[in-house]
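Take a look at the structure below.
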Amino acid sequence: MTAPAIAVGGLRHSYGDLDVLEGVDLEVAPGTIHALLGSNGAGKTTLIRILSTLLKADAGEARVAGHDVASAPAEVRAAISLTGQHSAVDDVLSGRENLVLIARLRRVPDPGAVADALLARFGLTEAGARRASTYSGGMRRRLDIAMSLIGDPRVIFLDEPTTGLDPEARREVWAAVRALADGGTTVLLTTQTLDEAEHLADRIAILHEGRIIVDGTLAELKALIPAPTVEYVEKQPSLEEVFLAVVGAKEMP
Ligand SMILES: Nc1ncnc2c1ncn2[C@@H]1O[C@H](COP(=O)(O)OP(=O)(O)OP(=O)(O)O)[C@@H](O)[C@H]1O
Ligand SMILES: [Mg+2]
């Protein structure tokens, strides 16, 4: 068996009196897309911040690309990238200038060539010389993801990569993320939208009340709720039904 790209055990985090993560366990296999699904305030961003070394956990363990986030944060940072919930794109710069800037900061050889290759890969060549302030939401998000790929990180964290995008732009981003995983990159993404998890992820973990309450493939998750008994046309449960069923079950006394 190959070592997991991300391994989390018993992770806890509180903000003052507010217990957000109360023993999170999660494993993500290399080269896969794992979706972390949860309601507003479930703690998705908190978990991503701990895994990307921006925040220290109160207890528990997390290893990313084989390195412990607490004892080897520099090694973790060298192996990952993070695309936050809020864009890192600088509006005053062009798309290409944004990429060149990050490539310089990460000391990548030949920043111009790296920028041009990423513009081409994300369908932004024509827009490359334009100020990012003129980009549509989808273009901006693709630029954001392109920026996070500089330096070939092995693991990428995407915090709500498609929030606020229209359906077409979401599909463009999904295709870009899928291509990353096909190239061997491990992706952990957070989402509140069930269809995103359904379309994109190899595995789906549901974070609820501080813990991962379900983790599996879409088929495994769908098998968790009983098939409807009386239906004229056989109907597969949607991920939304699974989500509501498992979250609801958890809340029962
Ligand atoms: N720096 C902070 N100080 C205090 N409380 C915080 C802080 N950051 C987050 N919280 C709280 O912790 C909880 C989890 O927040 P987090 O941002 O991790 O959730 P999330 O699952 O990413 O939510 P969303 O879907 O809205 O992005 C929320 O109740 C939030 O208000
Ligand atoms: Mg969040």
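Whatever order the structure lists them in is the order used to number ligands and atoms, beginning at 1.
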Does Glu198 come within less than 4.0 Å of Lys222, counting only side-chain N to carboxylate O?
-> yes

For Arg104, does the CZ atom sit with more than 12 other heavy atoms under 6.0 Å from it, leaving out its own atoms?
-> no

Is it true that atom CD of Gln192 has more than 12 heavy atoms of other residues, nucleotides or ligands lying nearer than 6.0 Å?
-> yes

More than 12 heavy atoms of other groups within 6.0 Å of Glu75 CD | yes

Closest protein heavy atom to atom 27 (O) of ligand 1, given as residue, atom name and distance to 0.1 Å = Gln85 NE2, 2.9 Å

Everything protein-side that's N, O or S and under 2.8 Å from the Mg ion (ligand 2): list it, residue and atom.
-> Thr45 OG1, Gln85 OE1

Arg49 touching ligand 1 at heavy-atom level, < 4.0 angstrom = no

If you have a sec, work out which protein heavy atom is nearest atom 25 (O) of ligand 1 and how many Å separate them, to one decimal?
-> Lys44 NZ, 2.7 Å

Identity and separation of the nearest protein heavy atom to atom 16 (P) of ligand 1 | Thr46 OG1, 3.7 Å

Identify the closest protein heavy atom to atom 1 (N) of ligand 1: which residue and atom is it, and at what distance?
-> Tyr15 CE2, 3.6 Å

Of Gly38, Gly41, Ser39, the one whose closest heavy atom lies nearest atom 14 (C) of ligand 1 is Gly41

Any N or O of Gly43 that comes nearer than 3.5 Å to an N or O of ligand 1?
-> yes

Which is closest to atom 22 (O) of ligand 1 by heavy-atom distance: Leu18, Thr45, Leu37, Leu21?
-> Thr45

for atom 26 (O) of ligand 1, nearest protein heavy atom and its distance come out as Asn40 ND2, 2.7 Å

For atom 4 (C) of ligand 1, decide whether some protein heavy-atom distance is shorter than 4.0 Å.
-> yes

Is atom 31 (O) of ligand 1 less than 4.0 angstrom from at least one protein heavy atom?
-> no

